[in-house]
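Following: one structure in structure tokens, then a few remarks.
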2 protein chains.
Amino acid sequence: MSEQSRIWIDAETKITDAPEDHHEELRLWLRLFSVTRLIENDVRSKLQSQFDVTFPRFDILSQLYRVPDGLILGELSQRLMVSPGNITSVIKRLMEDGLIVRTQNPDDRRENIVQMTAEGRAKFAEMAEANEAWIRDLTKDLTPADIRSLQALLQKLKTSVRRALG
Amino acid sequence: MSEQSRIWIDAETKITDAPEDHHEELRLWLRLFSVTRLIENDVRSKLQSQFDVTFPRFDILSQLYRVPDGLILGELSQRLMVSPGNITSVIKRLMEDGLIVRTQNPDDRRENIVQMTAEGRAKFAEMAEANEAWIRDLTKDLTPADIRSLQALLQKLKTSVRRALG
DNA sequence: TTGTTTTAGTTTAGGTGTCAAGTAATCTAG
DNA sequence: CTAGATTACTTGACACCTAAACTAAAACAA
């Protein structure tokens, strides 16, 4: 097998090509997963090389950027869909970098609010702009109508998943 | 904020609701990412609790299942879109579990072919069936037409991404 | 009030992920 | 034939990630 042809093979390429509808949902999931990973890998490597920031840190910053009053750690964990135990350590490193601050809520000392520093906001603004340009570039073969349709269908899928999860 | 309302907030919910088309691509990516993570988290936790297998191991097994002759490590790495260094350690553990075997290619001793054992095939068949049922359940609010449209649009997106990546 | 339960976050153990540097085998140009 | 590339894979350092067990604070209930 030539090197050139191998590049285009991935997780969803090789499944049985049965015309019956029985496996279409699985095929859909495999494609969803693979295209997401493809984009995520590209974004991650660009964030790393151009801004020396990891994808998870960027993810946290983008949440906090839109909420100047900050978020409780648990809220952050739910929005990012990652475990609470994970947030703890990533937050610590972002604090060490001076990009966010953390304050205990005096009215409920269990809660800790994190928010961005001015430095964090400035750095994130730069990254976000680049990120948006990357995404526009990656999606440039889609028409506005494609994007609207995809958006709507993904919303419908998400609703379906959430309903199934109870 | 009530607990009930918080559950439904996540990465793509809170972005600015500007009606201009300028941020639609980014919004699309955020939704794609969040719905993928939602499904992946559910599948991972079910694989763990019901079969004591991790998502990455399942991912490797599902590739090997369809290729009885096995795959070279590098091919596996490309298909799964993960780094070669990663494959090494996951493969080692799958071997220790007796689910796969590894053979050096005598014609090119740099290459190592991995393939499933009978035990691996049997265990995977069970998991794959459960997995397909989970996915059907998660997607059950989508019509066959929805699924076909999504499939086609994701294919178009993937082509766009691949073209952009060169 | 006081004992129980719930909630917010941390810690630990272990698996997964990248990148970069390293090794061994093969290829290739001269 | 042989020195320098290239290819396949491994290793090590470090970052993420989850689940489960833990601590501390607050809420609740008798």
Side-chain angles (χ1 to χ4, degrees), chain A residues 1-4 6-7 36-38 40-60 70-97 102-114, chain B residues 1-4 6-7 37 40-61 70-78 80-97 102-114:
Chain A
M1 174 182 280
S2 78
E3 181 56 29
Q4 181 54 25
R6 230 188 268 154
I7 290 175
T36 300
R37 180 170 278 187
L38 195 57
E40 188 182 347
N41 281 350
D42 184 53
V43 170
R44 180 188 25 253
S45 84
K46 282 172 175 156
L47 282 173
Q48 193 67 62
S49 62
Q50 296 182 29
F51 296 102
D52 193 32
V53 77
T54 65
F55 190 84
R57 287 181 210 188
F58 179 78
D59 215 1
I60 289 180
L71 288 171
I72 292 165
L73 287 180
E75 273 183 337
L76 200 49
S77 155
Q78 287 179 336
R79 290 189 186 206
L80 299 175
M81 295 185 268
V82 298
S83 67
N86 176 34
I87 292 290
T88 301
S89 62
V90 186
I91 282 298
K92 192 190 305 180
R93 293 192 200 96
L94 282 170
M95 280 174 51
E96 289 164 3
D97 291 348
R102 175 185 173 139
T103 326
Q104 197 177 43
N105 179 357
D107 295 335
D108 184 341
R109 281 154 36 235
R110 291 171 304 184
E111 294 184 349
N112 289 76
I113 295 156
V114 280
Chain B
M1 174 181 278
S2 78
E3 181 55 29
Q4 183 53 27
R6 231 187 269 154
I7 291 174
R37 180 170 281 188
E40 188 183 347
N41 282 348
D42 184 53
V43 170
R44 181 189 28 251
S45 84
K46 283 171 174 155
L47 282 173
Q48 192 66 63
S49 63
Q50 296 182 30
F51 295 102
D52 193 32
V53 76
T54 64
F55 190 84
R57 286 181 210 190
F58 178 78
D59 215 3
I60 288 179
L61 293 178
L71 287 171
I72 293 164
L73 288 180
E75 273 182 337
L76 199 50
S77 154
Q78 287 178 337
L80 299 175
M81 295 186 269
V82 298
S83 67
N86 176 34
I87 292 289
T88 301
S89 62
V90 186
I91 282 296
K92 193 189 307 178
R93 294 194 197 94
L94 282 170
M95 279 173 52
E96 289 164 3
D97 292 348
R102 176 185 172 138
T103 326
Q104 198 178 43
N105 179 356
D107 295 334
D108 183 343
R109 281 156 36 239
R110 292 169 305 181
E111 294 184 349
N112 289 77
I113 295 157
V114 281

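In this text, all values refer to a predicted model and were calculated from it rather than measured experimentally.
Residue A:Leu73 contributes atom CG, which lies 12 Å from atom P of C:dT11 at whole-angstrom precision. Spacing between atom CD1 of B:Ile113 and atom C1' of D:dC9 amounts to 14 Å, rounded to whole angstrom units. Between the NZ atom of B:Lys92 and the P atom of C:dG14 there is a distance of 16 Å, given to the nearest Å. For the pair A:Asn105 CG and C:dT7 P, the interatomic distance rounds to 17 Å; values are reported in whole Å. One interatomic measurement links the two molecules: CD of B:Glu111 to P of C:dT26, which rounds to 10 Å at whole-angstrom precision. Taking atom CG of A:Leu47 as the reference point, atom C1' of C:dG17 lies 16 Å away to the nearest angstrom. If you take CD1 of A:Ile91 and C1' of C:dT11, they are 17 Å apart, rounded to a whole angstrom. The distance between atom CD1 of B:Ile72 and atom P of D:dT10, rounded to the nearest whole Å, is 13 Å.
Taking both residues in full, the closest heavy atoms of A:Ile60 and A:Leu80 are given as CG1-CD1, 3.4 Å, listed atom of the first, atom of the second, then distance.
Side-chain contact check for B:Val82 versus B:Ile87: some heavy-atom pair is nearer than 4.5 Å. A:Gln104 places none of its side-chain heavy atoms less than 4.5 Å from the side chain of A:Glu111.
Checked against salt bridge (charged side-chain N to carboxylate O under 4.0 Å, His left out), B:Arg110 has the following partners two or more places apart in sequence or in another chain: B:Asp108.
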**OP:** Verify side-chain contact (heavy atoms from CB on, under 4.5 Å) between B:Val114 and B:Leu73, making sure each step is shown before the conclusion.
**Re:** CA-CA 7 Å; B:Val114 281; B:Leu73 288 180; 3.9 Å; yes
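Among residues at least two apart or in separate chains, there is no side-chain hydrogen bond (donor to acceptor under 3.5 Å, both in side chains) pair with a member in residues 82-94 of chain A.
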**OP:** Treat primed atoms plus P, OP1 and OP2 as sugar-phosphate and everything else as base, then score nucleotides 16-25 of chain D 5' to 3': B for base contact with protein heavy atoms under 4.0 Å, S for sugar-phosphate contact only, - for none.
**Re:** SBBS-----B
